[in-house]
Amino acid sequence: MRQQVANSKAPGRVNLIGEHTDYNEGFTLPLAIERYTTIRVQRQAVESSVSRYFSQTLGQAAYWSMDASEFMAIDSTAANRAHESASSSKAMDAAPAWSKYVAGVINQFTKLGHSIPAIDLMIETNVPLGGGVSSSAALEVAVAMAMQKLLGTSLDGLAIAKLCQQAEHEYAGVPCGLMDQLSSVFGRTNELMLMDCRTNALEFIPASPQLAFIVINSRVKHNLADGEYRLRRQQCEEACDLLDVRSLRDVTESQLESAQVKMPDLIYRRARHVVTENERTVQAAKFLRSGNWEQVGQLMNASHISMRDDYEITCPEIDLLVTIAQAIGSDGGVYGARMTGGGFGGCIVILGKASLAESISSQVVGSYLGATGIQADAFSTRPAAGAWQCNSWQ
Ligand code: GLA
């Protein structure tokens with residue numbers, strides 16, 4: 001029987017280490033988090049050419065004209081009427097940011113040759129939005145999983161992740177790598193994922209129950225689409241040209257050092273971040289496996305310095321949070337801390353002792369509030385399960 005309704009859930013992720021390495025075919029070490037985006041998608045009962053998307057979390061709606069293949073300009077007085085004419089070419093720009101990810105994912109199914117019915121799509125999420133923990137990937141993957149059920153398609157997890165990445169490239173204008181989508185699809189309870197972003201192979205690494213992954217949101221918002229992310233990618237490509245390699249994955253630290261003379265300082269530093277971060281990530285996975293958490297923490301601290309000084313993607317608030325967290329030290333339960341995600345604000349991740357997670361969070365949040373006046377959000381998570389299709393909305 002034709003599926004009328006489909007529900008799904010997909011998690012956000014936090015990256016323990018390995019930042020801006022995915023699009024350089026390198027290594028990352030993320031975990032899916034216990035924060036999910038939930039989707040319910042339903043075929044409309046009455047024939048229509050307008051799909052309606054609702055975010056319950058934000059109290060916003062967007063209307064997609066299937067005839068015009070664009071969002072419809074809805075004036076606020078007519079917000080409940082679905083059959084407005086698709087008039088303004090500015091509608092796409094005016095549509096809420098989240099709705100572009102929805103449209104982007106659904107459009108990928110159209111491109112694969114599937115005929116899309118008019119739908120009502122509802123979203124609810126507890127993934128912090130725009131905070132560097134992949135609320136966008138959680139949304140994309142959840143939409144893809146629900147559409148897969150509704151349409152009866154059988155794409156495998158990798159195909160789903162790539163479809164979502166493509167949607168983000170085309171509809172959000174962010175030339176992201178594949179880490180976030182892979183994490184949201186393939187996350188496993190109690191395990192981190194060492195990703196080889198050249199082959200997309202995942203190695204699962206158990207996380208001891210004694211560990212907590214504490215996420216603190218600086219409440220300073222980044223915007224990856226603002227060009228800095230794209231710029232970093234271009235700078236990495238420039239470094240590859242100068243080094244005559246396919247990707248920075250193929251470069252060792254000593255090769256990079258010998259080539260320094262022929263590289264502009266900025267490009268050299270960008271490449272140094274990626275090359276050293278790859279090495280740190282592989283080492284961190286090894287230390288995590290052997291239970292050497294102090295060493296994992298030191299690599300995280302070094303990663304932060306590299307992001308701050310070589311890749312220049314942190315900001316004062318984030319640097320402050322990391323300094324506060326690191327100052328607690330291992331006696332206070334902190335092994336290491338660093339910014340996580342694309343950068344320019346967002347969250348830090350602390351590798352901490354599970355038994356001290358609450359005290360760590362409250363100390364960091366308290367000192368940050370005292371220094372900046374900003375009330376940060378904090379939560380502690382264990383590695384969580386990846387996306388699934390479910391029977392009910394809740
Ligand atoms: C964003 C992107 C990812 C990755 C990170 C940085 O989250 O979506 O692909 O590049 O930034 O590590």
Side-chain angles (χ1 to χ4, degrees), residues 10-33 35 97 100-101 104-105 127-141 158 161-187 192-198 200 202 215 217 221-237 247-249 270 273-278 280-281 284 299-300 303-304 306-308 310-315 318 338-349:
R13 65 97 188 94
V14 64
N15 189 18
L16 191 70
I17 193 164
E19 221 64 79
H20 287 262
T21 47
D22 60 352
Y23 55 81
N24 286 299
E25 301 190 339
F27 296 93
T28 69
L29 189 55
L31 51 134
I33 56 176
R35 295 292 185 106
K100 295 176 192 166
Y101 296 99
V105 169
V127 181
L129 302 177
V133 289
S134 284
S135 52
S136 51
L139 175 58
E140 291 153 11
V141 171
L158 182 59
K162 286 185 171 171
L163 177 154
C164 292
Q165 179 194 32
Q166 195 57 29
E168 184 146 347
H169 286 193
E170 290 173 15
Y171 276 68
V174 183
C176 60
L178 198 54
M179 165 174 69
D180 304 348
Q181 292 78 9
L182 284 177
S183 307
S184 187
V185 170
F186 289 108
L192 284 88
M193 293 161 267
L194 176 64
M195 292 181 178
D196 178 334
C197 297
R198 169 163 280 169
N200 294 323
L202 306 183
V215 179
N217 188 345
K221 271 214 176 173
H222 68 212
N223 181 3
L224 291 182
D226 70 3
E228 288 295 333
Y229 187 91
R230 185 183 298 276
L231 189 58
R232 294 301 179 285
R233 275 198 86 142
Q234 287 162 356
Q235 290 162 342
C236 290
E237 281 158 20
S247 87
L248 290 176
R249 157 73 171 270
R270 299 296 190 250
H273 165 72
V274 175
V275 170
T276 57
E277 185 78 349
N278 275 333
R280 281 188 290 271
T281 305
L299 290 163
M300 290 171 68
S303 167
H304 187 80
S306 178
M307 290 190 291
R308 186 191 66 196
D310 278 353
Y311 223 57
E312 297 178 282
I313 51 170
T314 70
C315 62
I318 284 284
R338 60 184 284 283
M339 185 186 75
T340 185
F344 310 100
C347 294
I348 70 162
V349 56

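Numbering of residues begins at 1 and proceeds along the displayed sequence. Start at 1 and go down the list; that is how both ligands and their atoms are numbered.
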task: Could you list the residues that satisfy side chain to side chain donor-acceptor pair (under 3.5 Å) with Gln166, not counting sequence neighbours?
output: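 For Gln166, the residues satisfying side chain to side chain donor-acceptor pair (under 3.5 Å) (neighbours in sequence not counted) are Glu170.
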message: Using a 3.5 Å cut-off on N or O atoms only, is Glu168 in polar contact with ligand 1?
response: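 No.
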task: Report yes if Ser134 has an N/O atom closer than 3.5 Å to an N/O atom of ligand 1; otherwise report no.
output: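 N/O-N/O distance under 3.5 Å: no.
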- prompt: Would you call the rings of Tyr23 and Tyr229 parallel, tilted or perpendicular, where under 30° means parallel and over 60° means perpendicular?
  reply: perpendicular
Mode of Arg13 contact toward ligand 1 - side chain, backbone, both, neither (heavy atoms, under 4.0 Å): side chain
Any atoms of ligand 1 less than 4.0 Å from a non-hydrogen atom of [X]? List them with their elements.
| X | result |
| --- | --- |
| Gly177 | 9 (O) |
| Tyr229 | 1 (C), 2 (C), 3 (C), 4 (C), 9 (O), 10 (O), 11 (O) |
| Asp22 | 3 (C), 4 (C), 9 (O), 10 (O) |
| Asp180 | 1 (C), 2 (C), 3 (C), 7 (O), 8 (O) |
| Tyr23 | 10 (O) |
| Cys176 | 2 (C), 8 (O), 9 (O) |
| Met179 | 4 (C), 5 (C), 12 (O) |
| Glu19 | 6 (C), 12 (O) |

Ser303 and Arg280: side chain donor to acceptor below 3.5 Å: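 The answer is no; no qualifying pair exists.
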message: For Arg232, is there an ion pair with Glu312 - N to carboxylate O distance below 4.0 angstrom?
response: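 So Glu312 does not pair with Arg232 through a salt bridge.
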- request: Please identify each residue that fulfils side-chain contact (heavy atoms from CB on, under 4.5 Å) with Cys197, with sequence neighbours left out.
  value: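 Checked Cys197 against side-chain contact (heavy atoms from CB on, under 4.5 Å); matches are Asp22, Thr28, Met195.
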Backbone N or O of [Y] within a donor-acceptor pair of the [X] side chain at under 3.5 Å?
| X | Y | result |
| --- | --- | --- |
| Ser184 | Gly12 | no |
| Thr21 | Phe27 | yes |
| Thr340 | Cys347 | no |

